[in-house]
Trainee: 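Take this structure, written in structure tokens, and hold onto it; I'll ask about it next.
Labels below follow one simple rule: chain letters A, B, ... track the order of the sequence lines, proteins then strands, and each chain is numbered from 1. Note that the coordinates shown come from a computational prediction; the quantities given were computed from them, not determined experimentally.
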Number of protein chains: 2
Amino acid sequence: MGVTIHDVARAAGVSVASASRALSGRRKVTPEVAERVARAAAELGYQPNAVAKALRDQTTGTIGMVVPGIGNPFFTTIVEAVERELQNSGTDLLLCSSQYSPQVEARRLETLLARRVDGLIISPCDIEASVPAVLDAARRVPLVQLDRYIEGGGADWVGVDDEAGLALAVDHVIAGGARSVVFAGSRLVSSSARLRLSGFERAAARTGVEVLPPLLGEFTLEWGVEAGRVLLDAGRLPDAVVCANDEIAVGLVRSLRFGGRRVPEDVAVVGFDDVGHATMCDPPLSTVRQPVEEMAAEAVRLLGQVKAGDPRPAQRIAIAPRLVVRQTSRPVAAGVPD
Amino acid sequence: MGVTIHDVARAAGVSVASASRALSGRRKVTPEVAERVARAAAELGYQPNAVAKALRDQTTGTIGMVVPGIGNPFFTTIVEAVERELQNSGTDLLLCSSQYSPQVEARRLETLLARRVDGLIISPCDIEASVPAVLDAARRVPLVQLDRYIEGGGADWVGVDDEAGLALAVDHVIAGGARSVVFAGSRLVSSSARLRLSGFERAAARTGVEVLPPLLGEFTLEWGVEAGRVLLDAGRLPDAVVCANDEIAVGLVRSLRFGGRRVPEDVAVVGFDDVGHATMCDPPLSTVRQPVEEMAAEAVRLLGQVKAGDPRPAQRIAIAPRLVVRQTSRPVAAGVPD
DNA sequence: ACCGGTTGGGTAATCGATTACCCGAGTTTC
DNA sequence: GAAACTCGGGTAATCGATTACCCAACCGGT
């Protein structure tokens with residue numbers, strides 16, 4: 001395999017320089033030459049070697065993206081959004097999964113850097129353990145964190161305003177009559193996990209409702225089911241459960257109904273994310289919608305602006321979410337029906 | 001950015017040849033030189049440029065994978081399996097989505113070829129429209145089709161034995177007492193869609209049950225819901241519905257229950273795939289499990305054997321699925337409880 | 001007829017890593 | 001003691017596309 005520009009040039013009876021110029025159009029050639037080169041290229045089925053091009057102009061037309069896992073629908077949604085966003089700019093995406101492991105994540109970053117990606121978008125799997133690899137990468141190429149971030153603020157970030165989102169959720173259930181609330185989330189290993197818990201606590205404290213101790217596990221449906229069981233076993237249910245994502249919420253609803261409680265009559269449940277799952281489950285889930293398209297667009301835009309190792313202070317762009325009221329909570333004026 | 005092997009060589013006071021040899025270990029150098037080079041490389045933070053390496057040895061250590069969409073959990077599952085399979089061989093994966101469009105698919109293949117991937121794994125989105133691009137790619141690099149394939153058999157394929165799978169499903173519902181059955185699948189745009197319908201029809205014909213006209217739409221939950229409505233509106237329900245995948249089945253179950261029918265008492269429902277969804281839904285879904293790990297392993301193994309444009313006849317490897325009986329069908333001895 | 005300017009094409013350097021090839025020093029062998 | 005070998009190191013070619021640089025031809029103006 002491999003018809004090169006030399007072959008094209010020879011077939012067209014011109015030099016490689018002329019062939020290159022005819023094909024790229026970056027300098028004028030006579031119509032005669034242009035024609036002959038075009039024909040030769042077509043006949044030979046010439047396809048430029050992107051590797052050689054990348055070596056020569058020190059740019060690959062590629063950006064790398066690293067997410068914790070593609071099994072999680074939130075991440076696949078955001079990957080698709082980034083892909084769409086990149087589509088028209090001609091750059092394409094190298095997608096990697098860190099499998100929720102900082103070691104794998106560091107290896108993935110290494111190989112992406114070795115392949116000389118022009119930039120990186122990453123959702124670091126661990127707020128602490130991911131720090132060195134992410135900072136090191138940020139020193140070498142433009143890098144933007146999306147959704148999750150590392151502590152210490154050494155790199156730009158785009159994500160949702162978790163604090164605002166949790167305030168929406170808490171205010172909503174209280175407006176619906178809840179006098180006691182609990183938070184079902186994830187262990188505090190990621191920035192999202194921490195911010196959502198603290199956002200919940202702050203919002204709840206502000207309103208003065210009774211707050212039960214939070215339930216912290218994983219961002220999974222299984223943990224939601226488990227958390228529901230824990231609540232049932234505790235004997236006394238709160239009026240509302242605010243969840244850190246939709247999968248937890250779906251599991252929780254199932255668990256509570258299995259235990260004979262009605263949602264939302266006995267307990268209101270609100271999720272977070274609103275990616276696919278929420279409309280599909282039964283009953284449809286009230287949730288806080290992440291502005292995934294805007295986040296992706298903003299991340300790509302920002303990536304175009306940052307330079308590697310730029311001493312400029314890191315930016316943090318938090319985009320406001322909105323509440324989507326469906327049927328696991330009592331409707332009040334505040335929410336947008338869907 | 002960019003400390004090269006020349007910088008390392010200079011810092012160590014040796015030639016680039018020695019530096020390269022010391023680092024790769026492909027030819028002996030004196031311990032003295034090895035030591036000095038290693039120290040210099042470490043101090044400068046040298047990281048070899050994979051682009052230059054790829055250009056020089058005409059191999060990128062990368063394989064490309066193209067799937068119709070990463071929103072579909074079946075494809076993300078199979079991507080993860082391939083990723084795991086590749087992990088230890090040191091090659092990494094460039095993942096692309098064709099977004100169910102043959103045009104996008106062709107473009108993605110072009111850019112993967114331009115980037116000189118060492119091989120391709122593809123699940124072609126359209127059994128007819130994908131033909132030219134796939135055959136063209138297969139002529140240039142080793143290529144294996146996984147799950148879906150193009151008509152005409154011009155390239156190797158690894159997938160599930162759909163015929164056997166549908167036979168399992170049909171025999172199972174009949175053993176459970178069904179006297180009439182219907183198939184809920186997808187329009188016949190992919191090989192999977194066709195094989196599952198024909199597998200269903202053959203199995204049903206063999207047993208002689210009454211067969212209602214098939215319902216063909218998309219491989220989505222929404223279509224499952226819609227198909228359920230169609231059945232309800234038709235006035236008379238069959239005893240069993242065999243679905244082309246789990247998402248359709250989940251939607252269908254929801255729809256039927258919403259319409260007041262009991263599953264499996266009034267209607268038995270069986271899905272296909274068994275990737276995540278099935279255990280999560282309510283009630284847990286009886287389904288035919290695709291051997292995803294084996295399929296991925298086999299695809300990677302095969303990829304290592306095929307050569308580009310090899311005139312050897314194309315292989316087709318169909319792996320047997322197994323039935324997993326849960327609660328949307330009546331248990332009989334045949335199935336493996338889960 | 002001569003000169004500055006423009007136009008289009010060709011030659012060779014460049015990107016960075018690897019390695020074919022060559023060379024000198026030291027060792028072995030008859 | 002000289003031929004034959006081994007060993008380790010350096011020089012430069014190589015992969016393929018782009019482009020800096022150079023050069024010949026031609027143009028119009030004086």
Trainee: Is a side-chain donor-acceptor pair under 3.5 Å present for B:Gln145 with B:Ser123?
Mentor: no
Trainee: Run the side-chain contact (heavy atoms from CB on, under 4.5 Å) test on A:Leu86 and A:Ile63 for me, step by step, so that the C-alpha distance in whole Å, both residues' side-chain angles and the decisive distance to 0.1 Å come before the verdict.
Mentor: CA-CA 9 Å; A:Leu86 248 28; A:Ile63 77 141; 3.7 Å; yes
Trainee: Over how many whole Å does the gap from A:Leu23 atom CG to D:dA17 atom P extend?
Mentor: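 Interatomic distance, CG of A:Leu23 to P of D:dA17: 9 Å.
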Trainee: Quick one: ring-ring contact (aromatic ring centres under 6.0 Å, His included) pairs with a partner in residues 94-113 of chain B, sequence neighbours left out?
Mentor: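 As it turns out, there is no ring-ring contact (aromatic ring centres under 6.0 Å, His included) pair with a partner in residues 94-113 of chain B once direct neighbours are skipped.
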Trainee: Just jot down the side-chain hydrogen bond (donor to acceptor under 3.5 Å, both in side chains) partners of A:Thr76, sequence neighbours excluded, or say none.
Mentor: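 For A:Thr76 there are no side-chain hydrogen bond (donor to acceptor under 3.5 Å, both in side chains) partners, ignoring immediate neighbours.
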Trainee: Please determine whether side chain to side chain donor-acceptor pair (under 3.5 Å) holds for the pair A:Arg140 and B:Gln47, giving the CA-CA distance in whole Å, both sets of side-chain angles, and the decisive distance to 0.1 Å.
Mentor: CA-CA 11 Å; A:Arg140 303 156 91 118; B:Gln47 199 197 16; 2.8 Å; yes
Trainee: Listing request: all salt bridge (charged side-chain N to carboxylate O under 4.0 Å, His left out) pairs with a residue in residues 22-33 of chain A, at least two apart in sequence or in separate chains.
Mentor: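 Applying salt bridge (charged side-chain N to carboxylate O under 4.0 Å, His left out) to every pair that reaches into residues 22-33 of chain A, excluding sequence neighbours, yields A:Glu32-A:Arg36.
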Trainee: Not counting sequence neighbours, list each pair that qualifies as a salt bridge (charged side-chain N to carboxylate O under 4.0 Å, His left out) and has a residue in residues 76-88 of chain B.
Mentor: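 Listed once each, the pairs are A:Arg108-B:Glu83, B:Arg84-B:Glu293.
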Trainee: Please determine whether a side-chain nitrogen or oxygen atom of A:Tyr46 lies at a distance below 4.0 Å from atom OP1 or OP2 of D:dA17.
Mentor: yes
Trainee: Which nucleotides of nucleotides 6-15 of chain D have their base under 4.0 Å from a protein heavy atom (B), which only their sugar-phosphate (S), and which neither (-), written as one string 5' to 3'?
Mentor: --BBBBBBBB
Trainee: Rounded to whole angstrom units, what separation is found between the NE2 atom of A:His6 and the P atom of D:dT18?
Mentor: 11 Å
Trainee: Is any side-chain N of the basic residue among B:Arg115 and A:Asp92 closer than 4.0 Å to the acidic one's carboxylate O?
Mentor: yes
Trainee: Figure out the CZ/P separation between B:Arg26 and C:dA20, and round it to whole Å.
Mentor: 10 Å
Trainee: Taking five pairs at each end, how big is the angle between the two axes of the helix from C:dA1-D:dT30 to C:dC30-D:dG1, to 10°?
Mentor: 60°
Trainee: May I ask you to evaluate whether B:Ser20 reaches the phosphate of C:dT18, defined as a side-chain N or O under 4.0 Å from OP1 or OP2?
Mentor: yes
